[in-house]
Amino acid sequence: QVQLVESGGGLVQAGGSLRLSCAASGRTFSSYTMGWFRLSPGKEREFVAAISWSGSTTYYTDSVKGRFSISRDNAKNMVYLQMNSLKPEDTAVYYCSATSRLYMGDDAKKYGYWGQGTQVTVSS
């Protein structure tokens, strides 16, 4: 069982940066693959990035490659999403999620744990 709490969202101008954080409870944090998803009005929930339990493998959706970076600190039970060169189309509620360490992919249905989300708004 793991509980997730996101923070770090806000309003930023296009071209700016934000760093999202996700604090996880539980003693088995390192057992989980961690992911970030986003949801914007009128769109389906979209995979953004994932990181393996060890942090050695990462995976991004094409639209954020080269701009976003996912990382984790297992000693602190934290996962991060560094977002650079933000665009208005990145505006969404961003959700931290967790799944079994055996899975490393973009299917939201495979992720069993979710945070409450944090709003990111990018103005043009």
Please report the shortest heavy-atom distance between N84 and S17, naming the atom on each side. OD1-OG, 2.9 Å

Do side-chain atoms of T33 reach the backbone of Y103 as a donor and acceptor pair under 3.5 angstrom? yes

The salt bridge (charged side-chain N to carboxylate O under 4.0 Å, His left out) partners of K109 (sequence neighbours excluded) come to D107

With the side chain counted from C-beta on, respond yes when W36 and V79 share a heavy-atom pair under 4.5 Å apart, and no when they do not. yes

I'd like to know if D90 and K87 make a salt bridge, using a cut-off of under 4.0 Å between side-chain N and carboxylate O. no

Taking the side chain from N77 and the backbone from A24, do they hold a donor-acceptor pair closer than 3.5 Å? yes

Partner residues of Y94 under the ring-ring contact (aromatic ring centres under 6.0 Å, His included) criterion, sequence neighbours left out: none

Restricting to non-hydrogen atoms, name the atom on M104 and the atom on A50 that form the minimum distance, rounded to 0.1 Å. CE-O, 3.5 Å

Does Q3 have more than 12 heavy atoms from other residues, nucleotides or ligands lying within 6.0 Å of its CD? no

For S63 and E46, the nearest pair of non-hydrogen atoms, with its separation, is OG-OE2, 3.9 Å

Is I51 reachable from V2 through a run of I, L, V, M, F, W or Y residues, each pair having side-chain heavy atoms under 4.5 Å apart? yes

With distance as the sole test, does T91 use its side chain to make a donor-acceptor pair with the main-chain N or O of V122 at under 3.5 Å? yes

Are the side chains of E6 and L20 in contact, using a 4.5 Å heavy-atom criterion? no

Applying the side-chain contact (heavy atoms from CB on, under 4.5 Å) criterion to T121, which one of V93, L11, L86 satisfies it? L11

Roughly how far, to the nearest 0.5 Å, is the CG atom of L81 from the CZ atom of F37? 12.0 Å

Quick one: closest heavy-atom pair of S30 and R72, and the distance? CA-NH2, 4.0 Å

Any heavy-atom pair between the side chains of L18 and F68 that's under 4.5 Å? no

Could you pull out the closest heavy-atom pair between Y111 and S97, with the gap in Å? CD2-OG, 3.3 Å

Checking S21 side chain against S7 main chain: does a donor-acceptor pair fall under 3.5 Å? no

Check the hydrophobic clustering (I, L, V, M, F, W, Y; side-chain heavy atoms under 4.5 Å; chains of links allowed) and say if Y80 and V64 are grouped together. no

Check whether V5 and W114 end up in the same hydrophobic cluster, where Ile, Leu, Val, Met, Phe, Trp and Tyr are linked by side-chain heavy atoms less than 4.5 Å apart. no

Do Q1 and Y113 come within less than 4.5 Å of each other through their side chains, counting heavy atoms only? yes

Answer whether the closest heavy-atom distance between the side chains of V48 and Y95 falls below 4.5 Å. no

Closest non-hydrogen atom pair between F47 and G105, with its separation: CE1-O, 3.6 Å

Atom OG in S25, atom CG in L4: separation rounded to 0.5 Å? 7.0 Å

Does a side-chain heavy-atom distance below 4.5 Å link M83 with V12? no

Determine whether a donor-acceptor pair (N or O, by modelled atom type, separation under 3.5 Å) exists between the side chain of S124 and the backbone of P88. no

Heavy-atom side-chain contact between S69 and Y60 under 4.5 Å: yes

Whether the side chain of N74 engages the backbone of W53 through a donor-acceptor N/O pair (distance < 3.5 Å, no angle test) should be reported. yes

